[in-house]
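Working notes, structure below.
Letters A, B, ... mirror the listed sequences (proteins, then strands); counts begin at 1.
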There are 2 protein chains.
Amino acid sequence: MSPTPQVKRLQPVDVSAQTTKTRILDAAEELFMEHGFEATSLRLITTAAGVNLAAANYHFGSKEELFQAVLTRRLDPMNRQRMDLLETFEAAAGSKPLTCDKILSAMFIPALKLARDKETGGKNFLRLLGRAYADPAPFIRDFLSQQYHDMIARFRTAFAKALPHLPKDELSWRLHFVMGALSYTLAGSDVLKMIAQYQPAEADNDELLLSRLAPFLAAGLMAPVTTSGSVHRMFQESA
Amino acid sequence: MSPTPQVKRLQPVDVSAQTTKTRILDAAEELFMEHGFEATSLRLITTAAGVNLAAANYHFGSKEELFQAVLTRRLDPMNRQRMDLLETFEAAAGSKPLTCDKILSAMFIPALKLARDKETGGKNFLRLLGRAYADPAPFIRDFLSQQYHDMIARFRTAFAKALPHLPKDELSWRLHFVMGALSYTLAGSDVLKMIAQYQPAEADNDELLLSRLAPFLAAGLMAPVTTSGSVHRMFQESA
DNA sequence: GCTAGTTTCAAACAAACGTTTGAACTCCTT
DNA sequence: AAGGAGTTCAAACGTTTGTTTGAAACTAGC
């Protein structure tokens, strides 16, 4: 009846073997992505991971801490890569300011690397990240704003050098739009069908997707500053 | 003991008086916005509305149907206004194609009207809409894609006329980015603090917010088409 | 002023939730 | 081989969830 105890270990020293902890993380990553935080139960996660229900609380403490662990696992290295890459670009450019495209590529390339390196996990994570960005739960928003704080500050100063004519507050807004469009695009993948019915084969190709997003955002960042009240004027005319 | 029955009716014919149904809708709009769909219980909604718990199921059938009713109440008229306004602009322009700014304003102005007309409900709804756009729940995504279908199709042809040089699939992507940035910006309001710490007083001013978003998006829409593989090249260089 | 139809109400329903518990089991050290 | 820390397990905990129920309250029409 006992499950063949004479088999001592099939892969005895494989450190990267699917431990209970990583099995939970992987399953949670996929399910949180698919259904969101609230709609995903620990029972669903542990069943998908093939582990006992109590293992989730044992290894991570609570459901919220598990969610944060899922995010940290990949977000932390990715943001570090982004800052490192930006620094590399700046060092290569010497005293000259970087172009917007170059700075944007420092944001996008680590995301692309993540999407292609790990076969399934990477793409799942980017989608999960995009959705977490829009989640109203305070503990998610607080966690993300803390995780992103350094990276955003770093890129803001880089963009400020690239766009010296732009007022500081205007730059902050545009940076906000950039992060929004990026998150939303990553989270998409089915709202996407609503607008772009063409070439469904490329819908899964994150690289082509970001190669279209980058020029769009670069142009937006470099747009001339509008005189305030122009939309207000438009509104008055048509009301 | 009875609540002053001799007062026949204070506002006897006020059709817009707070009926149970609209009280539930108003409370649900605010609470769904604040906590999301899954994290908002019917008990929370009915308590906030000051009505009995069973009233929600009695008037709307289920929680999902209540959510859809909340969305339809304002989304339907807003999208109709958007299409009407676009038609007005096109009629005024005669045979000449509209500018991107003009088309974008046809998208934004009805949203602005909604945000300012009804004191609190409007802003709540825009935020709720932005969050619903990122919600993974299938019934929400299906509902929204159906609600937006006609409007998106209408604006796509308008943009196609304004940007005849743009390939059709490229336009679809950019339209996707526009909707994403718009939704995300409307949903923001606290992720916002993460990036734009300046002028917190204007953080609540949707008009100024959209007046900054519109030029950003117009520039993105009019960006030159990039040769494919440029991001791929960037990636290869830095890897 | 009674009746038929609509709405409100308190109470209960089964199901699912996150978390805890204490015993069983595994594996490494001594 | 024994012991002990680390891990897994089935079972149960108390809440909370969306929804249903049947009686009470209300609002008309005749």
Side-chain angles (χ1 to χ4, degrees), chain A residues 1-15 17-25 27-28 31-32 34-70 135 137-140, chain B residues 1-15 17-25 27-28 31-32 34-70 135 137-140:
Chain A
M1 270 306 191
S2 70
T4 62
Q6 64 274 25
V7 175
K8 294 195 171 179
R9 268 287 194 106
L10 276 181
Q11 54 277 64
V13 231
D14 189 1
V15 182
Q18 291 264 63
T19 109
T20 300
K21 213 166 171 178
T22 66
R23 288 244 295 280
I24 295 177
L25 281 175
L31 289 169
F32 280 143
E34 199 168 339
H35 305 113
F37 175 76
E38 297 281 354
T40 305
S41 71
L42 286 179
R43 282 169 176 82
L44 207 65
I45 294 173
T46 51
T47 300
V51 303
N52 188 273
L53 168 61
N57 289 94
Y58 174 79
H59 284 285
F60 298 97
S62 68
K63 189 186 176 187
E64 293 195 357
E65 288 171 287
L66 168 60
F67 188 81
Q68 292 178 352
V70 168
D135 203 297
F139 88 95
I140 296 180
Chain B
M1 270 308 190
S2 72
T4 61
Q6 65 274 25
V7 175
K8 294 196 170 177
R9 269 286 193 105
L10 276 181
Q11 53 277 63
V13 230
D14 189 0
V15 183
Q18 290 264 64
T19 107
T20 300
K21 214 167 171 178
T22 67
R23 289 242 295 278
I24 295 177
L25 281 175
L31 289 169
F32 280 145
E34 198 168 339
H35 306 113
F37 175 75
E38 297 281 353
T40 305
S41 71
L42 287 178
R43 281 167 177 82
L44 207 65
I45 294 173
T46 51
T47 300
V51 303
N52 187 272
L53 167 62
N57 289 92
Y58 174 78
H59 284 285
F60 298 97
S62 68
K63 190 186 175 187
E64 294 196 356
E65 289 171 289
L66 168 60
F67 188 81
Q68 293 179 352
V70 168
D135 202 297
F139 89 95
I140 296 180

[X] [atom1] - [N] [atom2] separation (whole Å):
| X | N | atom1 | atom2 | value |
| --- | --- | --- | --- | --- |
| A/F67 | C/dG18 | CZ | P | 14 Å |
| A/N57 | C/dT19 | CG | P | 5 Å |
| B/Y58 | C/dT8 | OH | P | 7 Å |
| B/F139 | D/dG18 | CZ | P | 12 Å |
| A/I24 | C/dT19 | CD1 | P | 13 Å |

Output yes when at least one side-chain N/O atom of A/T20 is less than 4.0 Å from OP1 or OP2 of D/dT7, else no. no
Tell me whether the side-chain N/O atoms of A/H59 come closer than 4.0 Å to OP1 or OP2 in D/dT8. yes
Could you check whether any side-chain N or O of A/K63 sits under 3.5 Å from a backbone N or O of A/F37, counting only pairs where one atom can act as donor and the other as acceptor? yes
Tell me the closest heavy-atom pair linking [X] and [Y], and the distance in Å.
| X | Y | result |
| --- | --- | --- |
| B/E65 | B/F60 | CB-O, 3.1 Å |
| A/I45 | A/L31 | CA-CD1, 3.6 Å |
| A/R23 | A/G50 | NH2-O, 3.3 Å |
| B/L42 | B/A56 | CD2-CB, 4.1 Å |
| B/N57 | B/S62 | ND2-CA, 4.1 Å |

DNA chain C contacts among residues 35-55 of chain B, heavy-atom distance under 4.0 Å: B/R43, B/N52, B/A54
For the pair A/L66 and A/L25, evaluate side-chain contact (heavy atoms from CB on, under 4.5 Å) and give the outcome as yes or no after the intermediate values. CA-CA 8 Å; A/L66 168 60; A/L25 281 175; 4.1 Å; yes
Base-pair string, DNA chain C, Watson-Crick plus G-U, cut-off 3.5 Å on both distances, | for inter-strand, is |||||||||||||||||||||||.|||.||
Can you tell me how far the CG atom of A/D135 sits from the CD atom of B/E38, to the nearest 0.5 Å? 10.5 Å
